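Since we're looking at a predicted model, the values are computed, not measured.
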Amino acid sequence: MPKQTVLPAGTGKPLAPYVPGSMADGVLYVSGTLPFDSENNVVFPGDAAAQARHVLNTIRGVVEEAGGTMDDVTFNMIMIKNWADYAAINAVYADFFPGEKPARYCIQCGLVKEEALIEIASIAHVGKA
């Protein structure tokens, strides 16, 4: 099964050997997305809601580059640094998924940069095999 790299315009160089998205057989896998600018600096330090919005906008860019919409997202894996940010992150999350919600999980963990408060990876079905 051939796979296709999904690389939106303006994507910065990743910190590790991965791509923003990879699609195979109509399924898009969006890599773990952190609140980074194009130089891998954390944006909105200390503001979990703003970081969540930035992350979800970045994910939307990958999904749209692959030909889909946020309605095509079927699963999200959410990693947060602090449970105290859970409500603020969920409020932003609900803005991006106002209708039928994707399946998801959320765990608390350390992230790759100290200032990062959230990371999300997604799966979307954007086409037929």
Side-chain angles (χ1 to χ4, degrees):
M1 156 179 41
K3 67 180 176 183
Q4 170 190 351
T5 295
V6 179
L7 187 65
T11 300
K13 182 178 178 187
L15 289 175
Y18 66 90
V19 295
S22 183
M23 191 155 73
D25 207 22
V27 180
L28 173 66
Y29 301 90
V30 181
S31 292
T33 304
L34 289 143
F36 288 169
D37 64 16
S38 62
E39 312 255 320
N40 293 319
N41 298 307
V42 174
V43 296
F44 310 112
D47 188 339
Q51 286 190 10
R53 187 170 312 287
H54 182 84
V55 165
L56 288 163
N57 276 322
T58 302
I59 289 170
R60 179 175 18 221
V62 177
V63 172
E64 289 176 353
E65 181 71 21
T69 70
M70 291 300 270
D71 287 338
D72 297 318
V73 174
T74 56
F75 192 72
N76 288 305
M77 293 130 298
I78 304 168
M79 286 89 23
I80 63 176
K81 185 175 180 178
N82 189 330
W83 283 122
D85 295 328
Y86 188 69
I89 288 167
N90 277 331
V92 171
Y93 184 90
D95 290 343
F96 283 81
F97 301 103
E100 195 160 329
K101 310 293 186 249
R104 74 177 218 183
Y105 70 75
C106 184
I107 63 168
Q108 179 184 13
C109 63
L111 299 172
V112 71
K113 286 200 176 182
E114 183 65 27
E115 303 86 11
L117 303 175
I118 184 169
E119 179 174 355
I120 301 175
S122 301
I123 299 173
H125 291 256
V126 297
K128 293 184 177 182

ILVMFWY cluster, [X] and [Y] together (side-chain gap under 4.5 Å):
{"X": "Phe96", "Y": "Ile59", "result": "yes"}
{"X": "Val19", "Y": "Val73", "result": "no"}
{"X": "Val63", "Y": "Val92", "result": "yes"}
{"X": "Phe75", "Y": "Val27", "result": "yes"}
{"X": "Leu111", "Y": "Phe36", "result": "yes"}

Original post:
Are any of the side-chain heavy atoms of Phe44 and Pro35 separated by less than 4.5 Å?
Top reply: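 No; the side chains remain at least 4.5 Å from each other.
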
Subject >> Side chain to side chain, Asp72 and His125, heavy atoms closer than 4.5 Å >> reply: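 The answer is no, as the side chains (C-beta and beyond) never meet within the 4.5 Å cut-off.
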
Nearest 0.5 Å, please: how far is [atom2] in [Y] from [atom1] in [X]?
{"X": "Met23", "Y": "Gln4", "atom1": "CE", "atom2": "CD", "answer": "4.5 Å"}
{"X": "Ile89", "Y": "Leu117", "atom1": "CD1", "atom2": "CG", "answer": "7.0 Å"}
{"X": "Asn90", "Y": "Ile78", "atom1": "CG", "atom2": "CD1", "answer": "7.0 Å"}
{"X": "Glu65", "Y": "Thr5", "atom1": "CD", "atom2": "OG1", "answer": "11.5 Å"}
{"X": "Glu119", "Y": "Met77", "atom1": "CD", "atom2": "CE", "answer": "10.0 Å"}
{"X": "Ile80", "Y": "Gln51", "atom1": "CD1", "atom2": "CD", "answer": "12.0 Å"}

**OP:** Assess Arg104 against Tyr93: is NZ or CZ under 6.0 Å from the centre of the six-membered ring, and within 45 degrees of the ring's axis?
**Re:**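 Relative to the ring axis of Tyr93, which defines the angle, Arg104 lies inside both limits.
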
Original post:
Is the cationic atom of Lys3 (NZ for Lys, CZ for Arg) positioned less than 6.0 Å from the six-membered ring centroid of Tyr29 and within 45 degrees of its normal?
Top reply: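 No - Lys3 does not lie over the ring of Tyr29 by the 6.0 Å and 45° rule.
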
Subject >> Under 3.5 Å donor-acceptor, Thr33 side chain and Val55 backbone >> reply: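 Between the backbone of Val55 and the side chain of Thr33 there is no qualifying donor-acceptor contact (under 3.5 Å).
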
Original post:
Is the side chain of Lys113 donor-acceptor paired with the backbone N or O of Asn40 at a distance under 3.5 Å, no angle test?
Top reply: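 Checked: pair present.
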
Subject >> Within residues 84-94 or reaching into it, pairs that qualify as salt bridge (Lys or Arg N to Asp or Glu O under 4.0 Å) - sequence neighbours excluded >> reply: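 Every pair satisfying salt bridge (Lys or Arg N to Asp or Glu O under 4.0 Å) with a residue in residues 84-94: there are none.
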
